[in-house]
Amino acid sequence: MLQLTPRFLQLGRITTLWELGMLEMASKHIVQQPCGDASFSLHCSPQVHGYSSAQRLLSLAEELAAHLAQIQREGDAPVLLYLPYHPLHPHASSRERQQAYLRYLGLNWLSYQPQVFAYPFGRMAWWASWPQLRTLLEQHERVLLVALDSPAPTVAEQRQSPASLYCEGALIVEVQKARRGLQSHWHSLNALGYQPATQECSSAIGDVHDSVASTIRQTGGQQIEMFMPPRLPASVPQSVRHAWNIGYHTLLPLLTEHSRYADPLSQLGECGTLAPLAVLLYLVSQWQNAPARSQQPLAVQLDMTQRMETERLRWCAAAVWGWHDDV
């Protein structure tokens with residue numbers, strides 16, 4: 001079982017304006033929440049500025065570094081670092097690419113620590129790190145999950161969906177093995193190929209839903225309490241959107257009148273690298289204070305590459321979570 005404790009959380013909702021064909025960052029709303037609070041109720045106060053997305057990302061990294069250094073002084077812990085998608089240079093070694101990216105963010109001091117693992121894959125970073133996280137938790141008492149992003153919309157995204165919300169921020173979550181907490185029943189990250197509008201892509205999405213349904217049936221007849229589908233951006237090809245809709249029908253027999261659709265990011269909008277962790281913290285906040293149940297609750301978390309038109313390789317991901325109470 002996994003115990004997730006947020007140690008640092010800063011979220012900023014970005015407002016964008018479309019004027020004279022130019023995308024301009026108009027305002028930013030900041031909220032800082034105390035350590036240990038896993039809720040996501042935003043109380044924002046405006047702070048107008050004209051920083052670019054790159055400048056804000058560097059500012060977030062600077063503030064994140066100060067909090068991370070303080071938390072690390074409490075004791076050694078491996079760090080899984082989740083960063084915005086970056087088209088890493090194909091001819092450089094993995095270590096060289098990681099160090100170059102960390103230097104750019106002003107986090108180069110992390111590159112000299114042996115137990116720091118960087119995942120510059122945007123919204124798929126958390127999913128890609130899952131095997132490493134499981135391995136580290138077998139060897140260490142705690143692991144720190146560190147994420148930051150400032151996902152400014154592209155020109156095409158702003159044109160297609162000008163009212164969309166975008167959220168930037170930084171997040172540090174401490175993970176420990178515990179007798180009470182989230183239980184992973186199944187976890188998967190599947191490649192959708194290099195071209196999104198293909199039969200290969202649709203088949204991969206269908207396979208994920210089939211695997212989710214099979215996993216839930218193997219848990220002993222338990223049914224879905226919480227269903228959390230991905231937030232599909234406006235730029236997603238219609239064939240991909242159709243494949244997700246078909247996949248949802250595979251899960252319909254496992255839904256009951258007690259099942260509920262949950263969109264934890266509805267008030268935050270697109271938050272890139274932060275999104276999967278924000279969803280998990282929401283899930284923990286819903287279950288940890290709930291009354292005792294006779295049957296373990298299940299939740300389905302689905303996700304997909306944020307920008308299929310720009311990221312070199314596209315992915316879809318899924319997990320089936322349960323909650324275990326130590327009784």
Side-chain angles (χ1 to χ4, degrees), residues 6-16 23 25 27-33 40 42 44 47 49 51-68 79-88 97-98 100-107 110 116-129 144-154 157-158 161 164-173 230-233 235 264-282 301 303-312 314-315 317:
R7 300 296 306 274
F8 172 71
L9 171 60
Q10 176 173 306
L11 298 173
R13 196 161 54 236
I14 306 169
T15 303
T16 60
L23 184 65
M25 290 304 150
S27 66
K28 173 183 175 184
H29 302 271
I30 290 295
V31 56
Q32 287 202 33
Q33 294 180 230
F40 280 87
L42 296 182
C44 303
Q47 191 174 25
H49 60 68
Y51 294 162
S52 69
S53 178
Q55 288 174 310
R56 291 199 313 276
L57 189 63
L58 294 176
S59 177
L60 285 167
E62 181 180 1
E63 187 162 2
L64 179 72
H67 287 273
L68 179 58
V79 174
L80 299 183
L81 185 58
Y82 306 141
L83 301 171
Y85 172 76
H86 190 270
L88 299 174
R97 290 180 288 183
Q98 174 176 315
Y101 198 13
L102 292 177
R103 282 196 301 271
Y104 165 73
L105 293 172
L107 300 173
L110 284 174
V116 173
F117 305 88
Y119 294 86
F121 308 131
R123 207 157 78 183
M124 294 294 101
W126 146 257
W127 298 95
S129 76
L144 299 177
L145 310 182
V146 180
L148 75 157
D149 206 343
S150 181
T154 64
E157 289 169 344
Q158 182 66 11
S161 186
S164 294
L165 295 175
Y166 290 83
C167 178
E168 65 179 18
L171 180 64
I172 301 175
V173 177
R231 295 178 61 87
L232 301 180
S235 57
L265 306 179
S266 60
Q267 295 184 29
L268 303 180
E270 177 54 59
C271 50
T273 305
L274 307 171
L277 289 179
V279 169
L280 284 181
L281 289 177
Y282 169 83
Q301 180 187 11
D303 210 345
M304 191 182 69
T305 296
Q306 179 183 350
R307 288 181 172 138
M308 300 192 71
E309 73 280 7
T310 58
E311 299 189 22
R312 191 172 66 90
R314 291 88 178 177
W315 303 86

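Residue numbers count from 1 along this sequence. Values reported hereafter were calculated over all heavy atoms of this structure, with side chains retained and with hydrogens, waters and symmetry mates removed.
Of all heavy-atom pairs spanning Tyr166 and Pro151, the tightest one is CD2-O, 3.1 Å. Listed here is the closest heavy atom pair of Gln10 and Glu63: OE1-OE2, 3.1 Å. The two residues Thr305 and Trp315 come nearest to each other via the heavy atoms OG1-N, 2.6 Å. Smallest separation of non-hydrogen atoms from Leu60 and Asp149: CD1-O, 3.6 Å. The two residues Ala147 and Leu64 have their closest heavy-atom pair at O-CD2, 4.5 Å. The two residues Ser150 and Leu57 make their nearest non-hydrogen contact at N-CD1, 3.9 Å.
Looking at heavy atoms from C-beta onward, Trp126 lies in side-chain contact with Leu280 at the 4.5 angstrom threshold. Looking at Phe117 and Ser129, their side chains never come closer than 4.5 Å, going by heavy atoms from C-beta outward. Using a 4.5 Å heavy-atom cutoff, the side chains of Leu145 and Leu277 are in contact. Side-chain contact between Leu83 and Leu81 is present, with at least one heavy-atom pair separated by less than 4.5 Å. The shortest side-chain heavy-atom distance between Ile172 and Leu9 does not fall under the 4.5 Å cut-off. Looking at Val146 and Tyr82, their side chains never come closer than 4.5 Å, going by heavy atoms from C-beta outward.
The structure places CG of Leu11 at 6.5 Å from CG of Leu274, a figure rounded to the nearest 0.5 Å. The CZ atom of Phe8 lies 10.0 Å from the CG atom of Leu148; values are rounded to the nearest 0.5 Å. For the atom pair Leu171 CG and Arg7 CZ, the distance stands at 12.0 Å (nearest 0.5 Å).
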### Message
Run Leu68 and Leu107 through side chain to side chain contact (heavy atoms under 4.5 Å, CB included) and show every step you take.
### Response
CA-CA 11 Å; Leu68 179 58; Leu107 300 173; over 6 Å; no
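Applying the side-chain contact (heavy atoms from CB on, under 4.5 Å) criterion to Ala275, with sequence neighbours excluded, gives Arg123, Leu265, Cys271.
The main-chain N or O of Asp303 is never found under 3.5 Å from a side-chain atom of Gln301 such that the two would form a donor-acceptor pair.
The existence of a salt bridge linking Arg56 and Glu168 is confirmed by a sub-4.0 Å separation between a basic side-chain nitrogen and an acidic carboxylate oxygen.
Note on ring orientation: taking the six-membered ring where Trp is involved, the planes of Tyr104 and Tyr101 are parallel (angle under 30°, cut-offs 30° and 60°).
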